[in-house]
Amino acid sequence: MKTKTILLVLSLFLISTAYSQSDQIPLIGSKAPSFTAQSTNGEMTFPDDFGKSWKILFSHPKDFTPVCSSELLELAYLQDELELLDVKFAIISTDNISQHNMWKAHLEELDYKGRGKQEIHFPILEDPSKKASISYGMLHAPTSTSRDIRGVYIIDPQNIVRSINFYPIEVGRSMPEIERTVIALQTADETKLLTPANWTAGDDMMVPHYPYTKSDLAENPDLKNQYYNVGDRMWFKKGSK
């Protein structure tokens with residue numbers, strides 16, 4: 001009897017562990033899960049097919065819903081701007097490809113905010129099996145076990161997850177904030193500096209260490225004009241604004 005009880009507890013533990021692992025959200029700094037799916041642009045493997053570009057994966061709960069439609073139209077409007085930042089993006093939901101194709105055709109006929117009709121060049125991926133959604137932790141059981149939450153995954157050229165944000169069903173995503181986050185990540189990678197709260201391109205950046213030594217200053221006195229500090233620990237490098 002004791003042996004059966006131990007085996008039962010062990011089985012429940014293993015099942016619980018397997019479920020929690022499969023339902024885990026990818027951690028920042030981890031490799032982005034790869035999956036293959038049909039899309040409005042044909043079969044695609046994400047993120048591999050996007051090469052060395054930055055990638056953004058947007059998950060949404062259901063095609064044809066008003067908030068989701070507004071988000072895709074905003075993304076369509078920003079396509080060229082994001083392309084200049086070497087950013088490619090894809091949309092995913094648990095709806096099937098037939099539904100996606102109808103939704104895309106419908107959206108491309110709309111004149112949203114008086115901007116004229118927008119062509120949607122980015123792929124909308126299907127996931128009726130929910131396999132990809134589970135691998136990215138997009139199914140939040142208290143909300144739904146069949147429909148994705150509004151998620152935004154920013155992935156760098158090495159396919160490493162750099163940023164994750166989730167939004168409730170009632171709230172549409174801010175595309176300027178998503179674009180700002182990409183620019184901040186790219187700038188931080190390039191400069192090895194940090195971006196403070198509310199940073200936008202050209203603002204002063206934070207230095208993660210003391211910016212110069214006495215000998216550095218003796219060789220280049222102008223360094224003193226390039227940096228400033230607020231208190232003992234917050235050093236800034238002046239931006240271009």
Side-chain angles (χ1 to χ4, degrees), residues 24-32 47 52-60 67-68 70-91 113 122 136-138 140 142-143 148-213 216-217 220 222-241:
Q24 183 179 4
I25 297 167
L27 302 179
I28 290 178
S30 67
K31 199 79 172 176
K52 292 297 182 182
S53 296
W54 285 77
K55 302 104 181 162
I56 308 179
L57 181 63
F58 294 83
S59 59
H60 69 86
V67 175
C68 295
S70 72
E71 291 174 329
L72 262 66
L73 289 166
E74 291 289 357
L75 278 174
Y77 184 69
L78 288 174
Q79 285 172 132
D80 293 341
E81 195 170 314
L82 290 169
E83 186 72 27
L84 292 174
L85 293 172
D86 194 25
V87 176
K88 299 185 183 300
F89 43 100
I91 314 298
K113 293 185 176 180
F122 49 84
Y136 274 85
M138 295 169 176
H140 293 193
T143 301
D148 293 341
I149 204 75
R150 295 187 199 286
V152 180
Y153 304 78
I154 299 177
I155 298 163
D156 70 17
Q158 287 71 48
N159 292 340
I160 300 300
V161 178
R162 300 293 298 274
S163 174
I164 302 172
N165 283 284
F166 291 110
Y167 297 76
I169 296 299
E170 302 83 1
V171 179
R173 287 164 274 207
S174 169
M175 302 310 160
E177 170 56 19
I178 293 167
E179 184 178 16
R180 186 198 76 92
T181 302
V182 172
I183 294 171
L185 285 167
Q186 292 177 341
T187 305
D189 284 358
E190 181 181 349
T191 62
K192 308 304 179 189
L193 301 176
L194 311 174
T195 60
N198 299 329
W199 180 90
T200 59
D203 286 351
D204 300 346
M205 298 187 71
M206 300 186 82
V207 185
H209 50 74
Y210 198 85
Y212 50 78
T213 65
D216 292 334
L217 195 59
N220 183 9
D222 187 56
L223 284 173
K224 197 170 185 179
N225 299 321
Q226 297 177 31
Y227 298 91
Y228 66 94
N229 68 308
V230 179
D232 293 332
R233 299 179 182 272
M234 297 172 65
W235 276 90
F236 291 82
K237 184 174 183 180
K238 294 178 181 178
S240 58
K241 284 186 179 178

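The side-chain heavy atoms of Ile178 and Glu74, taken from C-beta on, include no pair separated by under 4.5 Å. Taking 4.5 Å as the limit, every side-chain heavy atom of Val182 sits out of range of all side-chain heavy atoms of Leu82. Residues Arg162 and Asp189 have side chains in contact (heavy-atom distance under 4.5 Å, counting atoms from C-beta outward). Residues Leu85 and Trp54 have side chains not in contact (no heavy-atom distance under 4.5 Å, counting atoms from C-beta outward). By the 4.5 Å heavy-atom criterion applied to side chains, Tyr77 and Lys113 are not counted as neighbours.
In this structure, the separation between CD on Glu170 and CZ on Arg150 is 8.5 Å, given to the nearest 0.5 Å. Taking CD of Glu71 as the reference point, atom NE2 of His60 lies at 9.0 Å (rounded to 0.5 Å). The distance from the OG atom of Ser53 to the CG atom of Asn159 is 10.0 Å, given to the nearest 0.5 Å. Rounded to the nearest 0.5 Å, atoms CG (Leu78) and CG (Leu84) are 11.5 Å apart. Between the CD1 atom of Ile56 and the CZ atom of Phe122 there is a distance of 11.0 Å, given to the nearest 0.5 Å. From Gln226, atom CD reaches atom CG of Asn220 across 6.0 Å, with rounding to the nearest 0.5 Å.
Partner of Trp235 under the side-chain contact (heavy atoms from CB on, under 4.5 Å) criterion, chosen from Asn229, Val230, Leu194, Leu193: Asn229.
Looking only at distances, no side-chain donor or acceptor of Thr187 sits under 3.5 Å from a matching main-chain atom of Ala184. Remark: the backbone N or O of Trp199 is paired with a side-chain donor or acceptor of Arg180 at under 3.5 angstrom. Within the 3.5 Å criterion, the main-chain N or O of Ile154 finds no donor-acceptor partner in the side chain of Ser163. A distance-only check finds a donor-acceptor pair linking the side chain of Tyr153 to the backbone of Tyr136 [under 3.5 Å].
Side-chain contact of Glu177 with Thr181: a donor-acceptor pair under 3.5 Å is present, judged by distance alone. Side chains of Lys238 and Asn225: no donor on one and acceptor on the other come within 3.5 Å. Side-chain polar atoms of Asp204 and Tyr228 form a donor-acceptor pair below 3.5 angstrom.
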Mind running side-chain contact (heavy atoms from CB on, under 4.5 Å) on Ile25 and His140 for me, showing each step along the way?
CA-CA 10 Å; Ile25 297 167; His140 293 193; 4.2 Å; yes

Could you go step by step and tell me if Lys88 and Glu83 meet the side-chain contact (heavy atoms from CB on, under 4.5 Å) rule?
CA-CA 7 Å; Lys88 299 185 183 300; Glu83 186 72 27; 3.5 Å; yes

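Taking a 6.0 Å sphere around CG of Asp222, one finds it holds more than 12 heavy atoms contributed by other residues, nucleotides or ligands. Around CD of Gln158, the count of heavy atoms belonging to other residues, nucleotides or ligands within 6.0 Å exceeds 12.
In terms of heavy-atom proximity, Gly137 sits nearest to Pro26 at N-CD, 4.3 Å. Annotation for Arg173 and Val152: closest pair CD-CG2, 3.4 Å, computed over non-hydrogen atoms. The heavy-atom pair separating Val161 from Leu27 by the smallest distance is CB-O, 3.8 Å.
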